[in-house]
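Data first, discussion second: the structure below is written as structure tokens.
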Amino acid sequence: MPKRLVVAILTSTMAVAAGAVAGCGSGAQHPDDGGLQDADFAQCDMTPAVDYMPGMQATSMSGGYVATVVSARTDFSDGSPSVDTAASGGLDTWVVSFADTTAGTPAAITMMAEKPWMPIHKHGASTFPLVTPGDPGTFTVSKMDLFMLGYWSIVFDLQPTSGVADKVTFAVCIRQ
């Protein structure tokens, strides 16, 4: 009888491990969203992530800059119409403005975008977004591949024309 118990425990453990390795999603539907999302990705409320909305802001690590997401658009490669929000399944384009918190003026910076990252899943996008400067302190960040639903960390590296480098991080929940 003890051998059967050991075999049962090992079989159960192997089944759980195989499910964890199979992919990021659990495959279960989340009851609070009408079954539209994978249960793993409905956990944004347990993170610092907030739902995307125009006007969302983040302060830089030094406190010297405030970044505002002016707009977001997602273009889909499958021919679906573009949507005016951050979404998964396409390439996102954000317009982000940066202000100097001391002067309240557009920030005199250059900016680079890091690869979007999913902290809970410990993986990110496979490509870097493209950054195009616009009006002073404003940048268009395109080709952001937020390919999965869930909590994404979007990090912008700032280099002031004079001063020390800084970072701004948006913790965003992508639900659609």
Side-chain angles (χ1 to χ4, degrees), residues 24-25 30 32-33 36-38 40-77 82-161 163-176:
C24 289
H30 190 274
D32 295 339
D33 63 9
L36 298 176
Q37 297 185 77
D38 192 25
D40 282 352
F41 307 118
Q43 301 305 318
C44 291
D45 57 337
M46 304 301 286
T47 71
V50 297
D51 290 341
Y52 166 79
M53 69 175 60
M56 63 189 294
Q57 294 186 324
T59 302
S60 70
M61 290 176 63
S62 73
Y65 303 97
V66 173
T68 303
V69 179
V70 177
S71 65
R73 184 185 78 242
T74 303
D75 296 314
F76 301 99
S77 61
S82 297
V83 293
D84 290 330
T85 189
S88 69
L91 293 178
D92 285 36
T93 299
W94 290 14
V95 175
V96 185
S97 67
F98 295 84
D100 182 304
T101 56
T102 305
T105 57
I109 59 169
T110 57
M111 186 194 76
M112 290 179 18
E114 296 182 10
K115 287 182 184 180
W117 183 254
M118 294 191 87
I120 291 175
H121 292 267
K122 298 189 182 355
H123 66 71
S126 60
T127 60
F128 285 92
L130 175 66
V131 176
T132 307
D135 291 335
T138 302
F139 299 86
T140 299
V141 184
S142 58
K143 299 186 179 184
M144 275 199 298
D145 188 7
L146 308 178
F147 58 89
M148 293 176 68
L149 301 176
Y151 164 30
W152 285 89
S153 178
I154 312 296
V155 179
F156 300 124
D157 297 318
L158 313 179
Q159 182 59 59
T161 52
V164 179
D166 206 347
K167 288 183 185 276
V168 169
T169 302
F170 283 94
V172 179
C173 184
I174 301 297
R175 294 187 189 268
Q176 52 176 309

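As the structure is a prediction and not an experimental result, all values here were calculated from the model. Reckoned from all heavy atoms, side chains included, excluding hydrogens, waters and symmetry mates.
- In terms of heavy atoms, Asp145 sits closest to Trp152 at O-CH2, 3.9 Å.
- With Tyr52 contributing its side chain and Ala72 its backbone, the two residues share a donor-acceptor pair below 3.5 Å.
- Partner Trp94 forms a side chain to side chain contact (heavy atoms under 4.5 Å, CB included) with one of Thr140, Val70, Ile154 and no other, that one being Ile154.
- With sequence neighbours left out, Phe156 forms a ring pair (Phe, Tyr, Trp, His ring centres under 6.0 Å) with no residue at all.
- A pairwise comparison of heavy atoms in Ser60 and Asp166 identifies OG-OD2, 2.8 Å as the closest pair.
- In this structure the side chain of Phe170 never reaches within 4.5 angstrom of the side chain of Val50, judged on heavy atoms.
- Counting only heavy atoms from C-beta outward, the side chains of Ser126 and Phe147 never approach each other to under 4.5 Å.
- In terms of heavy atoms, Ser88 sits closest to Leu149 at OG-CD2, 3.2 Å.
- The nearest pair of heavy atoms linking Asp92 to Ala87 is OD1-O, 2.9 Å.
- Here CE of Met144 is found 11.0 Å from CG of Leu130. Values are rounded to the nearest 0.5 Å.
- Judged by distance alone, the side chain of Asp75 and the main-chain N or O of Gly90 form no donor-acceptor pair under 3.5 Å.
- At a threshold of 4.0 Å, the pair Lys167-Asp157 counts as salt-bridged, since one of the basic side-chain nitrogens sits closer than that to a carboxylate oxygen.
- Of all heavy-atom pairs between Thr68 and Gln57, the closest is OG1-NE2, 2.9 Å.
- Annotation: side chain of Thr47 is in contact with side chain of Ile120 (closest heavy-atom distance under 4.5 Å).
- A donor-acceptor pair is defined here as one N or O able to donate and one able to accept, closer than 3.5 Å; such a pair exists between the side chain of Asp100 and the backbone of Ala103.
- Distance check, rounded to the nearest 0.5 Å: SG of Cys44 to CD1 of Ile174 gives 8.5 Å.
- One finds the OG1 atom of Thr105 at 14.0 Å from the CZ atom of Phe98 (value rounded to the nearest 0.5 Å).
- Side-chain atoms of Thr169 never come within 3.5 Å of backbone atoms of Val155 as a donor-acceptor pair (strictly under, hydrogens ignored).
- Paired with Phe139 under the rule side chain to side chain contact (heavy atoms under 4.5 Å, CB included), one option of Thr132, Val95, Ile109 passes, and it is Ile109.
- For the side chain to side chain contact (heavy atoms under 4.5 Å, CB included) test, residues two or more places apart in sequence or in another chain that qualify with Lys115 are Phe128.
- Between the Ser153 side chain and the Pro119 main chain, no donor and acceptor come within less than 3.5 Å of each other.
- Tyr151 and Pro48 make their closest contact through OH-CG, 3.3 Å (heavy atoms, listed as atom of the first residue, atom of the second, distance).
- Judged by distance alone, the side chain of Thr74 and the main-chain N or O of Thr85 form a donor-acceptor pair under 3.5 Å.
- Within the 4.5 Å cutoff, no side-chain heavy atoms of Val168 are placed close to those of Met111.
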